[in-house]
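Sequential numbering from 1 along the given sequence is applied to the chain's residues. Since the model is a prediction, treat every value here as computed from it, not as a measurement.
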Amino acid sequence: MSGPSSDSTDTSTDTPDVSTSAPSAESADTSASSSTPDSTDRSTPGSSSDSRGDTTVSLDEVVLDDEDDSQGLFDDLLSGEPIFENKEVLRPSYTPHELPHRNEQINQMATILVSALRGETPSNILIYGKTGTGKTASAKFVSQELESTSEKYDVPCEVEYINCEVTDTQYRVLAQLANKFIEKNQSFIDRKLEELTDLRSRAETNPQALVDSGFGTTEDVAARIEELESDREEMEPVPMTGWPTDRVYSTFFDAVDYEERVVVIMLDEIDKLVEKSGDDTLYNLSRMNSELENSRISIMGISNDLKFTDFLDPRVKSSLGEEEIVFPPYDANQLRDILQHRANVAFKPEALTDDVIPLCAAFAAQEHGDARRALDLLRTAGELAERGQADTVEEAHVRQAQDKIELDRVVEVVRTLPTQSKIVLFATILLEKNGVHNINTGEVFNIYKRLCEEIDADVLTQRRVTDLISELDMLGIVNAVVVSKGRYGRTKEISLSVPVEETEAVLLSDSRLGDIENVQPFVQARFDN
């Protein structure tokens with residue numbers, strides 16, 4: 001609530017007082033009336049007089065008063081008391097100062113990485129665990145502690161974080177790392193140049209200033225300044241595309257080895273990098289230490305997939321997996337502790353009813369102990385309560401949030417389906433909307449064929465369409481049950497597991513399916529077959 005009020009304060013102080021700079025509308029009207037003798041006797045349009053005839057209210061004044069009293073678009077939304085104290089605490093990007101139920105894993109990481117503070121190369125670490133088990137949060141927490149301790153003891157130790165789901169090729173990883181170290185080196189050079197320039201100016205008037213500086217004469221200082229300036233000019237940032245990969249690697253190598261330091265490279269979602277680009281990046285990074293002179297590099301990989309190392313080159317696998325740490329899923333009680341810990345900071349006092357956190361924890365425990373899911377649920381419940389201008393977050397808000405998140409997930413899954421799967425799903429929706437019960441694969445296939453003909457798409461075989469139905473079943477979009485028809489064999493009976501209207505709207509947002517204008521004849525074809 002402080003934002004709007006502070007803005008209005010600033011505006012009032014910057015704007016000159018209108019009353020002192022120009023006559024007001026009211027004074028202008030008064031002067032006009034006094035100059036006209038019979039103005040009080042005339043009834044002008046848009047004005048009104050009371051019974052005494054001594055008060056005239058102009059239409060302009062009424063409009064101005066209405067404008068002063070009217071509520072803006074956001075005023076109503078800002079009028080209620082906020083429920084949140086700090087909503088960012090409930091986001092996955094937030095790194096808390098304390099991580100409940102992860103002390104064992106944090107201590108394991110710290111034991112491995114402490115060698116970096118001694119100037120030695122830490123072992124490479126692979127961290128495994130399902131989504132929302134605290135892998136990234138714990139790794140970032142340990143990294144922050146490592147960097148702050150290195151500053152405390154004046155040991156050059158740095159951690160660089162890369163999300164491989166976004167930066168998913170060898171070129172991008174190396175370019176991002178190279179540019180980070182080039183930027184650090186430029187800052188280092190700028191500081192040294194400032195110190196040396198100051199030293200040279202002092203030494204010119206007082207040669208004693210060079211004592212204990214490592215320089216014999218001012219010419220030596222000038223030579224070092226020239227050398228640093230030359231180094232800085234040669235530091236060319238890597239473009240995001242266009243260079244040969246070996247040149248990017250060479251630039252990164254020179255940048256990281258420019259000064260003495262121990263570097264921990266944290267590769268989050270490392271399996272995505274291997275899946276997209278193979279293990280070349282990991283191979284190059286893991287063998288760098290044998291060539292570096294000033295620096296040492298350690299890799300910390302974080303993955304949801306316990307089996308991704310099966311696809312690595314044996315040499316990469318042996319060097320990368322020197323230390324492995326597994327993060328087990330949280331149970332409902334642990335999730336409750338995590339939510340309570342965050343809620344104490346995120347919400348105003350007394351903003352949550354007693355059953356909110358246990359319910360969020362119970363829902364998330366069903367999703368394989370996903371703390372990220374639990375935090376999303378609690379945050380969304382708070383947002384729904386705040387939008388409804390409720391004083392507290394209640395159980396009903398949590399259940400609404402559960403439905404909303406589930407619907408958002410369904411919408412995202414449906415939107416990203418391949419076109420053929422979308423057509424199969426659309427055929428199923430058309431049948432169900434037209435009152436067909438116990439839908440079988442043959443009926444779906446008949447409608448599917450006609451939809452393909454309508455939008456000029458390739459028609460798959462019925463066996464392949466059956467496979468696509470099974471995939472939709474695995475995604476939880478449809479429910480496909482194999483039933484026996486006796487001597488007629490077996491078939492799959494299909495029903496939708498998602499909201500029909502919302503799913504249909506997502507499918508029709510696809511440009512190809514959106515071209516189908518009248519779908520009724522396709523459904524009628526089911527009965528013709």
Quiz item: Between R409 and E412, is the closest basic N to carboxylate O distance under 4.0 Å?
Solution: no
Practice problem: Could you name each residue pair satisfying salt bridge (Lys or Arg N to Asp or Glu O under 4.0 Å) that touches residues 250-259, not counting sequence neighbours? | Solution: E259-R261
Self-check item: Partner of I162 under side chain to side chain contact (heavy atoms under 4.5 Å, CB included), chosen from V173, L273, I270
Solution: V173
Quiz item: After noting the C-alpha distance and the side-chain angles of Q176 and T167, does the key distance pass the side-chain hydrogen bond (donor to acceptor under 3.5 Å, both in side chains) rule?
Solution: CA-CA 8 Å; Q176 189 171 322; T167 311; 3.0 Å; yes
Quiz item: Which heavy atom of S303 sits nearest a heavy atom of F308, and at what distance?
Solution: OG-CD2, 3.6 Å
Practice problem: Output all residues satisfying ring pair (Phe, Tyr, Trp, His ring centres under 6.0 Å) with F347, sequence neighbours left out; order by chain, then residue number. | Solution: F84
Quiz item: So, R379 and D376, do they make that salt bridge, N to O below 4.0 Å?
Solution: yes
Quiz item: Would you say the side-chain atoms of S295 pair up with the backbone N or O of L292, donor to acceptor, closer than 3.5 Å?
Solution: no
Quiz item: Does I297 offer a backbone N or O that forms a donor-acceptor pair with the side chain of N289 under 3.5 Å?
Solution: yes
Quiz prompt | Sequence-distant partners of A139, side chain to side chain contact (heavy atoms under 4.5 Å, CB included), two or more places apart | solution = M109, I127, M266, M300, I302
Quiz item: Any idea which heavy atoms bring A346 and L90 closest together, and the distance?
Solution: CB-CG, 3.7 Å
Quiz item: Quick one: do the S277 and Q170 side chains pair a donor with an acceptor below 3.5 Å?
Solution: no
Quiz item: Taking atom CD of E502 as the centre, does the number of heavy atoms from other residues, nucleotides or ligands within less than 6.0 Å exceed 12?
Solution: yes
Quiz item: So, are D220 and R224 salt-bridged, with charged N and O less than 4.0 Å apart?
Solution: no
Quiz item: Hey, does I439 have a side-chain heavy atom less than 4.5 Å from the side chain of E493?
Solution: no
Quiz item: Can you check whether S143 reaches V264 side chain to side chain, under 4.5 Å on heavy atoms?
Solution: no
Quiz item: Is the number of heavy atoms from other residues, nucleotides or ligands under 6.0 Å of K180 NZ greater than 12?
Solution: yes
Compile the donor-acceptor pairs under 3.5 Å between side chains in residues 326-341 and protein atoms, sequence neighbours left out, one pair per line.
from	atom 1	to	atom 2	distance (Å)
Y330	OH	R102	NE	3.3
Y330	OH	T133	O	3.4
D331	OD1	N333	N	3.1
D331	OD1	Q334	N	2.8
Q334	OE1	D331	N	3.1
D337	OD2	H101	NE2	2.8
Q340	NE2	N344	OD1	3.0

Quiz prompt | More than 12 heavy atoms of other groups within 6.0 Å of E120 CD | solution = yes
Quiz item: With L377, which residues qualify under side chain to side chain contact (heavy atoms under 4.5 Å, CB included), at least two apart?
Solution: C360, F363, V398, A401, Q402, I405
Practice problem: Determine which pairs satisfy side-chain hydrogen bond (donor to acceptor under 3.5 Å, both in side chains) with at least one residue from residues 455-471, sequence neighbours left out, and list them in order. | Solution: S470-K492
Listing, residues 151-160 side-chain donor-acceptor contacts under 3.5 Å, not counting sequence neighbours, or none:
from	atom 1	to	atom 2	distance (Å)
E160	OE2	K184	NZ	3.4

Self-check item: Side-chain donor/acceptor of K276 to backbone N/O of C164, under 3.5 Å
Solution: no
Quiz item: Would you call K192-E195 a salt bridge at under 4.0 Å N-O?
Solution: yes
Exercise. Please report the closest heavy-atom contact between T503 and P499, naming both atoms and the distance.
Key: OG1-O, 2.5 Å
Quiz item: Which heavy atom in D473 sits nearest to a heavy atom in V478, and how many Å separate them?
Solution: OD1-O, 3.1 Å
Quiz prompt | Spacing of CD1 belonging to I447 relative to SG belonging to C452, to within rounding of 0.5 Å | solution = 11.5 Å
Quiz item: Just by distance, do the side chain of D370 and the backbone of R373 share a donor-acceptor pair under 3.5 Å?
Solution: yes
Quiz item: What residues form a side chain to side chain donor-acceptor pair (under 3.5 Å) with T136, not counting sequence neighbours?
Solution: D268
Quiz item: Which heavy atom of N124 sits nearest a heavy atom of E322, and at what distance?
Solution: N-OE1, 2.7 Å
Quiz item: Does a donor on one side chain sit under 3.5 Å from an acceptor on the other, for N304 and Y128?
Solution: no
Self-check item: Nearest heavy atoms of L113 and L146, plus distance in Å
Solution: O-CD1, 3.9 Å
Exercise. List for me each residue that meets side chain to side chain donor-acceptor pair (under 3.5 Å) alongside T309, sequence neighbours excluded, and say none if there are none.
Key: none
Quiz prompt | All side chain to side chain contact (heavy atoms under 4.5 Å, CB included) counterparts of Q144, not counting sequence neighbours | solution = T95
Quiz prompt | Short side-chain to backbone donor-acceptor contact, S298 and S123, under 3.5 Å | solution = yes
Quiz prompt | Pairing residues for R200 by the side chain to side chain donor-acceptor pair (under 3.5 Å) criterion, not counting sequence neighbours | solution = none
Quiz item: Are any side-chain N or O atoms of D198 and backbone N or O atoms of E194, one a donor and one an acceptor, separated by less than 3.5 Å?
Solution: no
Quiz item: Within a reach of under 6.0 Å around CD of E226, are more than 12 heavy atoms found that belong to other residues, nucleotides or ligands?
Solution: no
Self-check item: All side chain to side chain contact (heavy atoms under 4.5 Å, CB included) counterparts of V345, not counting sequence neighbours
Solution: V89
Exercise. Find the distance between CD1 (I477) and CD1 (I429) and round it off to the nearest 0.5 Å.
Key: 9.5 Å
Quiz item: Are D510 and K422 close enough for a salt bridge, meaning some N to O gap below 4.0 Å?
Solution: yes
